[in-house]
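Let me begin by presenting the structure, written as C-alpha cells, before commenting on it.
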Amino acid sequence: MAAADGQEPYYEPIPGQEEGEEEEYKLPDDAGFGDYAAHPYRACKNYMDRFLSNFGWRFAIQMGVMYTIVKGILSSVIGLVQLSYCKKSLHIDGTACQTMGAIAQTPWAIKGAIGVVSDAYPLFGYHKSSYIMVAAAMGTSAFFYLAAVPVHTASVAAAALFLANYEIATSDLLCEGKYAELMQTKPKTGSTMVSFVWGCFQVGSLIAALFVGPMADAYNPQIIFWVCLPLAASIMIPTGLGYLADKKVPEGKEGVDWALLQQYPKIVAFCLIMAAVAIGNAVIDIIFFDEHMWQAIYAVSAAVLLSVLAFLWLPRQLAMCNFYMFFSSVLYINIRGAQDFWFTADESCVPGGPAFDYTYYNTYTAVVGAFTGWIGIVIFQSFMSGWTFRKLFWVTTVLQVVASAFDLLIIERYNIGWGIDDKMFYMFGDAVIGPAVMMFAFMPAVVLTSKLVPKGLESTTYALLAGFQNFGGVVSSQIGIYATQYANIQTDAPCNFDNLTTLVAVCHCLLPLLAVPLTFILIPDKLMTDTIIEDDEEGDAEAKDKAEGG
C-alpha cells in the first residue's frame, strides 16, 4: 500500500538542483526576442523542476490524479450532469432534483469526522491510503450502479451520488492532509504545491465542462456515468503503489489512538456531532423526500445547534469568523432547482423563455466561468490583496447581488426589450460572474482561517471548519427547496414560474445583504497581511484550553 522500509525515497531530487531550492525563472537583463518567445516554456519547465525536486514524480502523479481526475473531472461532472440527469433520465421536478443534490453533497459536511477517524485508527495499518482505497471502491461501485442500472427514483440516485461524493471528499481530505504535512517540512514550497493543486483542479473542471453538455444533449445523461467509472477507479493505482508516501504504523500500534482522542475531546466531539447531524439530514431527506418544510426545520435546528457548540468549544475569534462564513453561505439561499429548470424549460413550459440547451448551459457558461475565475484571481492578487477583511467581504457580497440582478432582468425579459439576446446577456449573470466572485470570497476566507487556526490542531481544525461551511451550503439548499415550494413554483407541466422573480429577489439580492452588517461584529477590521491574534501564546492557550475541555 505504501513504500516499505528501506525502499527508495518517494521523491527523487532533480540532478544538479538542491532540495528545497525555490529559484523562479526570470528573464535575463538583456533579454531578446528569443528569450521572450521561450519564456512560457522555460517558466513552466522551471516550475515543474522545482516541484519535482521537492516532492518527486511519484507524489506529483498522486496529486495529479487526485486533483485533475477525481476532484477536477468527477466532482465537476456530478455538478454539471445533475440538471440533465434529473430532467431526461429521472423525469423529476426542480425541488426533487435539488433535494437529491443536497443528499449527494452530505459527505463534504462530514470531513471533520473522516479526519478524526483516519487520524485515530490506522485502517489495515495505514492512516490515509487504506481509507482512500475503500472510499474509491465505494465510489467506483456507485458510478457502476448509476451507469448500468436504470434508476427511476431520486432517493436511490441520491444514495449512489452520496457514495460518489464520499470518495471525492475522503480522497481530497487525506491527500490535502499529506501535502500540508510535506509543506510544513518544506515551508518555502507552499506556493508551488498550492499552485499545482489548484491548476490541476482547474484543468479537470474545464475537461468536464467540455464533454458533459454535448453528451447530455445528444444522449441519455446516464451514459456519462460510464465515463466516470474508470476515472473513479484511477486513484487506486497511485495510492496502491505507495505514491502517497503513507507509512505503515509500527507493529503494536495498529489499534485506536485513544490518547489522540482524549487530548482534544471537544474538537473530536464537535466533528462527530457535526457528522451525525449532517448524515441525519440526509436520512430525513430520503425518508421524507417530499416533506420540504420538515427538512428545512431540521436543517435550521441543526445549524443553530452547531453554531452554539462552535461558540462554546472553539476559540472566540475563530468561532466568530467561521460563523460569519457559515451564515453568509446560508443567507445566499440556493434555489437552483427553480432557476435551472426555468432557464432550460422548453416553449410549452416557459413561452418565449431562453430554452437553453445543455451544451450552452453546462459547457459554454462553465468554460467562460473558468476564465472569469482566473481573472478573479488576477484581480484579487493585483488590486485587493492589501485590503481589510471586512472590505473584501463587503465587495464580495455586493458583486454577488449585482450578478443575481442580471438573472432577474432575464427572468423579467428586460434584455429582450433592449434587443440583447438571452445567451449574450446571461454571460453577465450569476452563473458566469459567480466564479470570479467565488474567488473573491474564497481567498480571504482561507487566509483568515489560516491566521486563526490553533497551532498543533491545523489539519483537524481545517477539516472541521471546511465541513461546517459545507454544511452551510446544505442548509441553504434545504431552505431554498422549501422556499421554492412555498412560492408555488412548478417546474413540470403545468409549469408555474409566476413568483420566480420575487424568489430570486429575496433569496439572491436581499438576504445576502444581511451579511454586510455582520462583518462589524464577526470579522476583525484588519488587513490581510496583519496578525489577527496579537498574543500568540494567549491565543494558543485559549484554543488548547477549550479543545481539551477546560
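Quick note: residue numbers are just sequence positions, from 1.
Gln469 and Asn322 share a side-chain donor-acceptor pair at under 3.5 Å. A donor-acceptor pair shorter than 3.5 Å cannot be found between the side chains of Gln485 and Thr95. In this model, a donor atom of one side chain and an acceptor atom of the other lie less than 3.5 Å apart for Tyr361 and Asp340.
No donor-acceptor pair closer than 3.5 Å links the side chain of Gln105 to the backbone N or O of Val474. Counting only distance, with no hydrogens or angles, the side chain of Thr519 and the backbone of Arg390 share no donor-acceptor pair below 3.5 Å. Ser476 places a side-chain N or O within donor-acceptor distance of the main-chain N or O of Tyr332, the cut-off being under 3.5 Å. For Asn165 (side chain) and Ala104 (main-chain N/O), a donor-acceptor pair under 3.5 Å exists by modelled atom type. When atom types are taken as modelled, the side chain of His508 and the backbone of Ser404 share no donor-acceptor pair closer than 3.5 angstrom. A distance-only check finds no donor-acceptor pair linking the side chain of Gln478 to the backbone of Ala296 [under 3.5 Å]. Between the side chain of Asn334 and the main chain of Gly480, no donor-acceptor pair closer than 3.5 Å is present. Checked by atom type and distance alone, the side chain of Thr68 never pairs as donor or acceptor with a backbone atom of Val65 at under 3.5 Å.
Residues Thr365 and Phe356 have side chains not in contact (no heavy-atom distance under 4.5 Å, counting atoms from C-beta outward). Side-chain contact check for Lys71 versus Ser171: every heavy-atom pair is 4.5 Å or farther apart. Contact check for Ile103 versus Leu161: no side-chain heavy atoms found under the 4.5 Å cut-off.
If you look at Tyr426 and Phe406, their ring centroids are not closer than 6.0 Å. For Trp258 and Tyr121, the gap between ring centers reaches or exceeds 6.0 Å. Between Phe425 and Tyr414, the distance from one ring center to the other does not fall under 6.0 angstrom. The six-membered or imidazole ring of Phe201 lies away from that of Tyr67, with a centre-to-centre distance of 6.0 Å or more.
Qualifying ring pair (Phe, Tyr, Trp, His ring centres under 6.0 Å) partners for Phe341, counting only residues two or more places apart in sequence or in other chains: none.
Taking each heavy atom of Ile114 and Pro107 in turn, the nearest pair found is CD1-O, 4.4 Å. Nearest heavy-atom pair, Gly94 versus Thr491, reported as atom, atom and distance to 0.1 Å: N-OG1, 2.7 Å. Pairing each heavy atom of Gly473 with each of Ser329, the nearest pair is N-OG, 4.0 Å. What you find for Ile410 and Trp342 is that their closest heavy atoms are O-CH2, 3.7 Å.
Relative ring orientation between Phe323 and Phe326 is described as tilted, the plane-to-plane angle lying within the 30° to 60° band.
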**OP:** Verify side-chain contact (heavy atoms from CB on, under 4.5 Å) between Asp290 and Thr99, making sure each step is shown before the conclusion.
**Re:** CA-CA 9 Å; Asp290 297 317; Thr99 302; over 6 Å; no
**OP:** Start with the C-alpha gap between Ile69 and Ile235, add the side-chain angles, then the distance that decides, and say whether side-chain contact (heavy atoms from CB on, under 4.5 Å) holds.
**Re:** CA-CA 8 Å; Ile69 296 177; Ile235 191 68; over 6 Å; no
Original post:
Would Met63 and Cys200 count as a side-chain contact (heavy atoms from CB on, under 4.5 Å) if you check the C-alpha gap in whole Å, the side-chain angles of each, and the deciding distance to 0.1 Å?
Top reply: CA-CA 8 Å; Met63 294 296 104; Cys200 287; over 6 Å; no
**OP:** Applying ring-ring contact (aromatic ring centres under 6.0 Å, His included), run through Trp387 and Phe393 and close with a yes or a no.
**Re:** CA-CA 10 Å; Trp387 292 8; Phe393 287 123; over 10 Å; no
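Screening Ile333, Asn488, Thr484 for a side-chain contact (heavy atoms from CB on, under 4.5 Å) with Leu503, the sole residue that qualifies is Thr484.
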